[in-house]
Each structure stands twice: as C-alpha cells, then as structure tokens.
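Keep in mind that the numbers below use all heavy atoms, side chains included, and drop hydrogens, waters and symmetry copies. Just so we're on the same page: letters track the sequence lines, and every chain starts at 1.
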There are 2 protein chains.
Amino acid sequence: MSERQPNLRERRRSETRRLVQAHAVRLFSEHGYDAVTVADVAGAAGVSSMTVYRHFPTKEDLVLIDQPAQLIAEHVAASSATQPLVRRIGSALIDAATASTGGNGDEQAANERFLLDCLRLMVSTPALRARHLDSQYALQQAIVEALGKDATDPDAAFRAQAATSACLAAMHTALTRWVEDDGRTGLPDLIARALAASFGDDAVATHRKD
Amino acid sequence: MSERQPNLRERRRSETRRLVQAHAVRLFSEHGYDAVTVADVAGAAGVSSMTVYRHFPTKEDLVLIDQPAQLIAEHVAASSATQPLVRRIGSALIDAATASTGGNGDEQAANERFLLDCLRLMVSTPALRARHLDSQYALQQAIVEALGKDATDPDAAFRAQAATSACLAAMHTALTRWVEDDGRTGLPDLIARALAASFGDDAVATHRKD
DNA sequence: TAACATGATGGTAGTGTCTAACACATGAGT
DNA sequence: ACTCATGTGTTAGACACTACCATCATGTTA
C-alpha cells in the first residue's frame, strides 16, 4: 500500500488484463487448453481478440507465470561465495519460495489458488509445459550471471551452468509435486527435499537464517 | 547389415523423409527457423506440403531428434541398485553418449554433423528449445520407470524424479556446450564434467568399463 | 497376366494463431 | 476547449495444421 499513483487509464488497462487472464485460466481449466480459442477467451472477457493479443503476446502467455528471477538472482548474489554452488543456489530457491508463498492474507490465498491453477495447466498441457521449461532456461542465465562466474574462465562458467540447471530441475520437480498435492505441502519444504534427493542431505540440511 | 528386408515402397518413403529433413535443416540453418515456411521446405525437397506433414507431425519435428530413451532406460535398469541414484543415472547417460557418438566411419561422421546442425538449431531457436526440453521430460519418465521406484512409496518416487531431472539438466548443459564447441570436445567427457560439477566429483569419478 | 488391395502423394477447403495497417474513442496535459 | 497519447476495434492477411477426397504406383492374389 505504498507506491500507488495509478492513472485511471493504467488502472483500466491492468484491470482488463487481469480480467482476460482470469477468464482464460478458468476456460482452459474447464474445457482444456486446446479446446478453447483466443476468440472464446476474448468473448468471455467482453473484449476483442486484438485486445487479448495486445496484453499477451501469445495464447500461451495467458497462463505462463513469470518466476521471480530478480528476487532469486539477488539471493544468489548475496550468498557467500565460499559455499558449494548447489548450496548457494538451493538456499536462494528455498528463500524465494518462502517469500513468495509465505503471506497468509485473503488476497494472498487467492493469489496462491490462481498460481496453482496456472501451474496445473502448465504441467498437464504439453505446449505450456515446454514454454515453462524454456522460461526456466532464462532464469538459469540470470542465476549464472548472479554467481559471477562468467568472466573468469570458461570452465568455471560451464560448471556454474551445470549446477544451476540441475538445481532448477530439482525445483521444477518440487513444483510439479506441489501442484499434484494441490498446494497442501509447503513448497519450500518440497524444494529442500528435492535438492536433498539430488545432491545429498548435507548439501541442504543445515539451512538456517544467518 | 542384418535386419534388411525393406520394400521398395518403404525405401522410397524413408528416402523422401530423409530428403525432406535434410532440406529443412539446411534451409533453417541458412535463413533461420522462423523465416522458412513449411511450403519452402516442401518446394526445396520437391514434394507438396501435405507430404511434409505426413512424415513430420509439426514443423518443429523436422529438427527435433529423438533421444535414445530406450537405450538409456536399459542402462539404468541394468545398473546396480546399491549405487546412489545420480550415479546410476549418470553412468547410463555417459554410456549412452559413448555408444551414440562412438563410431568413426564415414557415415557416422555425417550423422554427427547432421546431429550437430539439429542441436544448434534447437539451442538457438526458442520454440525448438522448448520442445526439446519437454522431450527430455518424457525421457525423465522413462528413466524413473527404469529405476523401479514407482510402485513402492510416493516419497521414493519423488526422490527418483528429482534426481533424474537434475541429471538430465546437467546432461542438457553438456549438450549445449558440445554444440558451442562444434563437437570438438568428446560428449561423454562433457557429460561427466557436468555431472561432477553438479553432484561432486565422487559421484562420477570412478567410472570405468566393467 | 489381370484384377484387386494397400499405401504414398497431391489438391482443396477450412480452422486457429498471430501480425500489420487503419480508424475510432477516451483520458491526459496544456 | 485543443491537442496528444493510448487503449481498443475492424479488417485483411500469412502461416501452421487438419479433413477429405482423388490419383497413382506398388504389392498381392487369382
């Protein structure tokens, strides 16, 4: 409730965007992603197809959620460089998940339900799953850059890429499991367990705020 | 040179398939994936667009290469269940890569060049990269099944999923690096280094033929 | 050899995603 | 009020992909 100076125009724009996306996710969840056309979504939201494309570049973007790459990258950059790579990255992922799913307000609960609906579609629809995996690819680049291993020598950069991709894959497994559990299990805990299963318990066990 | 009983019809069919795919990869590499239409590919190969779609369900499938899921799964299933998960999977991935890129005949070299062209397109084109990542998702399911951890308890299955996805992500990093090096570095060695960077040197160090 | 069955190919029409260009209306700043 | 910017609608179009039918070569059987 701090940085609020929205124009009436900007408010309307973001409101139609929210409206279109909400109808899209609802229709996709009810009838399946492929069975619903963009024109259907536009009609349900009371706008034209063009307006949908103005807000979302492709039909897939109606469902895809941007991961908090900025947040994760900052956590990685702030971590101690003396720790093993997978530990630095894993801690950042767990912290980001804790921050994202932590709050327990009414609006927060609605946001989490919406996020679960989107993720459910992403996991079950091949086209969305593919795009989602590729977006993790972009997140990977952000993390590697935050690790600061690029300029030195190419071999260190390669190791950073490998470790980062492996950590993100483990997180994706946790995300999938989170969706299957319908959000009942805590996401940070699932991520920690996925990381432990991949890299060993000692790579993530002593995770405390310091 | 053993299981050869191809009909004249089957030979022609596979020949046109090969021809179409070769022209497609060539045109995509020259002008970019998005700048070349399926009709262009069909014209270059001397067939109609319909024929292209009969051999390749989508435009993306003109470039996507099936990973030897069967081969990898068999390696995993044959590995000793007493070893750590990432070691079982990692060894299978390295062995499969060794088998795939090993031969040194004239035809083998041509195949490897073609594979490199396809992978180069897959890495650089977002749509192809996304599909390729999703195909690894299918490979993941095959490996998890080969691990035989599904029926027992869901927690073991979750750990198997996490470890497998992390190993495959490391392999994908190695594949990317292999393409960037234009195939000069041995793929099995790159995979071993990616696995070591992710899971520690001891997880892959003592890899010898036994 | 002749007739039939099978399967590969081409053509046409159509749907759906997405883009480009132009026109219209409404809120913002002077 | 006047202008300007911007969100929106309409239309036309390219392209990926599908459904359906016609055609023709190949493999099989009589």
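Put simply, B:His55 has a side-chain N or O that comes within less than 4.0 Å of OP1 or OP2 on C:dT9. Of the side-chain N and O atoms in B:Thr16, none sit less than 4.0 angstrom from OP1 or OP2 of C:dA8.
For the pair B:Tyr53 OH and C:dG16 C1', the computed distance is 13 Å after rounding to whole Å. Atom CZ of B:Phe56 is separated from atom P of D:dA16 by 15 Å (rounded to the nearest Å). Atom-to-atom, CZ of B:Arg11 to C1' of C:dA8 comes out at 15 Å; the value is rounded to the nearest Å. Per the geometry, CG belonging to B:Leu62 stands 10 Å off P belonging to D:dA16, to the nearest Å. If you take CD of B:Glu15 and P of C:dA8, they are 15 Å apart, rounded to a whole angstrom.
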Report summary line: Counting primed atoms, P, OP1 and OP2 as sugar-phosphate and everything else as base, the B/S/- map of nucleotides 19-30 of chain D against protein heavy atoms under 4.0 Å is B-----BBS---
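A:Trp178 has its side chain within reach of A:Leu116: a pair of non-hydrogen atoms, C-beta onward, lies under 4.5 Å apart.
Between A:Tyr137 and B:His172, the ring planes lie perpendicular to each other; the angle is over 60°, past the 30° to 60° tilted range. By the 30° and 60° cut-offs, the orientation of the rings of B:Phe199 relative to A:Phe199 is parallel.
Of the charged side-chain nitrogens involved, at least one lies within less than 4.0 Å of a carboxylate oxygen, so that B:Glu30 and B:Arg26 count as a salt-bridged pair. B:Arg131 and A:Asp134 are not joined by a salt bridge, as no carboxylate oxygen comes within less than 4.0 angstrom of a charged side-chain nitrogen.
Residue order along DNA chain C, read from the 5' end via each residue's closest nucleotide, puts B:Arg13 first among A:Thr58 and B:Arg13.
In this structure, B:Ile72 and B:Ile143 approach most closely via the heavy-atom pair CG2-CD1, 3.9 Å. Heavy-atom minimum distance, A:Tyr33 versus A:Leu128: CD1-CD1, 3.8 Å.
A:Asp95 and A:Thr98 form no side-chain donor-acceptor contact under 3.5 Å, judged by distance and modelled atom types alone.
Under the 6.0 Å distance and 45° angle rule, B:Lys59 does not count as a cation-pi partner of B:Tyr53.
Interface residues of residues 31-49 of chain A facing DNA chain D, ordered by number: A:Val47, A:Ser48; criterion, heavy-atom separation under 4.0 Å.
Checking C:dT17, D:dA16, D:dG9 against every side-chain atom of A:Lys59, the shortest atom distance belongs to C:dT17.
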